Amino acid sequence: MFLNHVVLIGRLTADPESRFTQSGVQVARFRLAVDRPFVNQQTGQRETDFIPIVVWGKQAEICADHLSKGRLIALIGRIQVRTYVDQTTGEKRTFTEVVANTVRFLEKKDNSSNGNQPKGDLTGEAGDDFSSDGFPPVDDFSFGDDEPPF
């Protein structure tokens with residue numbers, strides 16, 4: 001038996017990007033900033049990982065409608081590795097992301113100006129070579145008839 005199970009708690013680095021597949025299934029994508037559980041011995045600072053997340057169907061609709069940059073969430077999902085061909089260079093690329101099947105909001109939405117925005121910049125890692133939304137193209141991303149894999 002094999003196990004591919006991920007549990008994460010973190011803050012969104014930007015508002016979710018939402019699209020529909022050709023068959024009408026909604027898919028939302030965002031990055032989650034997750035602090036590492038230890039301090040870097042050289043810098044004395046806690047480091048953060050910026051993890052790409054994809055959510056399908058009704059969960060995608062809820063995320064697109066109710067989540068925004070800085071919101072604290074928990075999710076349960078699985079790691080997925082896929083490949084695509086970079087349209088600019090023609091090179092084969094590998095992309096790892098978490099497919100979330102359960103997303104939980106961990107704080108209430110605050111409409112005030114200081115709100116629930118995190119401190120610091122959560123825009124992603126320097127050197128990302130993907131499109132402006134931070135994710136590789138979804139043109140080659142298929143599960144048969146574009147339905148989610150679960």
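Here the structure is a predicted model, which means the values were calculated and not measured.
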Task: By side chain to side chain contact (heavy atoms under 4.5 Å, CB included) - contacts of Phe105 (at least two apart) - done: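 Here the qualifying residues are Ile62, His66, Leu67, Arg71, Ile73, Val103.
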Task: Partners passing side chain to side chain contact (heavy atoms under 4.5 Å, CB included) against Thr88 (at least two apart in sequence or in another chain) - done: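 Expected list: Asp86.
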Residues in side chain to side chain donor-acceptor pair (under 3.5 Å) contact with [X], at least two apart in sequence or another chain:
X	result
Asp35	Thr48
Gln59	none
Thr102	none

In Å, rounded to the nearest 0.5 Å, how long is the span from [atom1] of [X] to [atom2] of [Y]?
X	Y	atom1	atom2	answer
Thr13	Phe30	OG1	CZ	9.5 Å
Ile51	Glu97	CD1	CD	12.0 Å
Thr89	Gln87	OG1	CD	9.0 Å
Phe50	Arg31	CZ	CZ	9.0 Å
Leu32	Ile53	CG	CD1	5.0 Å

- [ ] Not counting sequence neighbours, which residues clear salt bridge (Lys or Arg N to Asp or Glu O under 4.0 Å) with Lys58? List them please.
- [x]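 Salt bridge (Lys or Arg N to Asp or Glu O under 4.0 Å) check on Lys58 returns Glu61.
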Open item on the list: Quick one: does any side-chain atom of Asn4 pair with a main-chain N or O of Ile79 as donor and acceptor, under 3.5 Å?
Closed with: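 Such a contact is found between Asn4 side chain and Ile79 backbone.
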- [ ] Mind jotting down which residue pairs meet the side-chain hydrogen bond (donor to acceptor under 3.5 Å, both in side chains) criterion with at least one end in residues 37-46? Sequence neighbours excluded, please.
- [x]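 For residues 37-46: Asn40-Glu47.
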